[in-house]
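In this text the structure is predicted, and so the values were computed from the model without any measurement.
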Amino acid sequence: MRWMFVGLWSGLFLIHALLYLLLIPPWQAPDEPTSIELLLTIESRRRLVSPADEDPTIQREIVASMARARYWDLGGYGRRPRVPDPIFKDVYACCGTQLHRPPLYHLLLLPVADLTQTWPLEQRLVMLRAATLTLGMATVALATLVGFELAVMHPALALVLPALVVFHPQLAYSSATFNSDNLVALVGAAIFLTLLRLLRHGLSLKRLAVLGLLVVLGFGTKRTILFLLPALVVGVGWQALLVWRAKPSARRLPLAVLGLLLAVAVVVGMPGLRVLVLKLLNRFIFFEGIATQLRYILTTYGSASVSLGTLALMSLRFLNQSFWGSFGWHQVHMPRAVQYVLLTLVVVTWSVSLAWIVLRRSSIPAWLRRYLSLSVLTIVVAISIALINAPPPLMPQGRYLFPALIPIMTLIAIGLCAWWPRRWTAYGVSLVWLALMALDVYTIAGVVIPGFYS
């Protein structure tokens, strides 16, 4: 039964995301030009690259394609170049090339780039976007499996959780564009499904190995995978402690985990390797150095002309807007009234969810209580880091939360349906589905199409 729903939900998401693929003009997604630059540079060099490999020829090709696609007329970020044969520095005042980014997503799409090497760049972009849809479908499949695992709490969760992911406008839009958020969302979903099964079925070397591999893949994709590390450390440590207490004869595995952590600590403490670790952190996480990053955050907040509370509210509102439906370079988005309705929905469902979990904790299996606690921890960490690390005027974007998509949607799903009497399941699920479909039809017909084609 569950695999039938996996196929149905994934197929429905494909149809949904294809609509966005057909409607979103070329380059109208944040960082799409610089993401393509990284791919084309890797394709040209046939190796991993760095900012030293910046190629003006590649940039000129991309900017020329942006001009053909009416990039600036449709609200694309950056100034319209006023020089012949412009490159990125003629468009973007703050940042040009972004060849420092983790390359895993681009390496996965390299075969598609090779197959379309002789095509016009706009057509290549469409094919790369189409290939990216498979990542969104896989994320939906994992969300469906998580929903079935959570159905022990309420059967409606198996039908509501994947629906929230399938009909999520911003995820469908993101999945129909070329950016690494799609891969990190998939990795995040895989981490939470594995963590859920580890908490339910126990610690094993296989599950630890899978989690370790997923973390490595996450760091190779996008630094927002950091949002999940606290939950992983707490979850694995929690489970290791339970094994330690329950079976003295089974203590080898927790001891092995502890020994591995100590070995890593010793290795990182060695002077030469510590320098290497710091270089890796600066390469993949803090692009301009840890000290520079912290200094920028403190300076920005310290010199703000408005209160920290006002800055936080501004950032939170934009985070909510761009999590649900902000298209192009955030020039096409849902009306403010709809944004507030969705923000209220999130706050109310999360509050109901937490209250329900606390009141019903005695009837919820222990492994599920731990999983829900880790979901709450992840959401708090993700939102906090997103708000702190992108102070105005940068503003935190909703796609930064995609690694935590499963925890976010889990709490919304519980708040929507866990309190229903089970006899209401069919009616309640039908209403939720209708509401989600109505939101998406409105987003496509009332926001995206007028925004790009009026």
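Inspection of the D440 and Y20 side chains reveals an N or O donor paired with an N or O acceptor under 3.5 Å. A donor atom on one side chain and an acceptor atom on the other are found under 3.5 Å apart for E54 and Q59. Looking only at atom types and distance, the side chain of Y105 has a donor-acceptor partner in the side chain of T132 under 3.5 Å away.
Between W329 and W27 there is no side-chain heavy-atom pair separated by less than 4.5 Å. Contact annotation: the side chain of H154 never approaches that of V160 to less than 4.5 Å [non-hydrogen atoms, C-beta and beyond]. Put simply, the side chain of Q98 does not reach to within 4.5 Å of the side chain of F88, judged on heavy atoms. By the 4.5 Å heavy-atom criterion applied to side chains, M66 and P33 are counted as neighbours. Put simply, the side chain of R399 does not reach to within 4.5 Å of the side chain of Q170, judged on heavy atoms. When side chains are defined from C-beta on, D31 does not count as touching N179, because their heavy atoms never get closer than 4.5 Å.
Without hydrogens or angle criteria, E149 side chain to L196 main chain gives no donor-acceptor distance under 3.5 Å. Side chain of N182 to backbone of T177: a donor-acceptor contact under 3.5 angstrom is found. Within the 3.5 Å criterion, the main-chain N or O of Y71 finds a donor-acceptor partner in the side chain of Q28. At distances below 3.5 Å, not a single donor-acceptor pair connects side-chain atoms of H333 with backbone N or O atoms of F327. With hydrogens and angles disregarded, a donor-acceptor distance shorter than 3.5 Å links the side chain of S10 to the backbone of V6.
The two atoms that bring A382 and F227 nearest to each other are CB-CD1, 3.6 Å, heavy atoms only.
Contacts of E61 classified as salt bridge (charged side-chain N to carboxylate O under 4.0 Å, His left out), with partners at least two apart in sequence or in another chain: none.
Side-chain rings of W9 and W3 stay apart, their centers remaining 6.0 Å or farther from each other. Residues H106 and F178 bring their aromatic ring centres within 6.0 Å. Between W324 and H168, the distance separating the two ring centers is shorter than 6.0 angstrom.
Using bins of under 30°, 30° to 60° and over 60° for the plane-to-plane angle, the ring pair F5/F148 lands in the tilted bin.
Electrostatic pairing of R124 and D114 does not count as a salt bridge here, judged by no charged N lying under 4.0 Å from a carboxylate O.
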Could you walk me through whether T34 and R101 pass the side chain to side chain contact (heavy atoms under 4.5 Å, CB included) test, one step at a time?
CA-CA 10 Å; T34 50; R101 289 181 174 177; 3.9 Å; yes
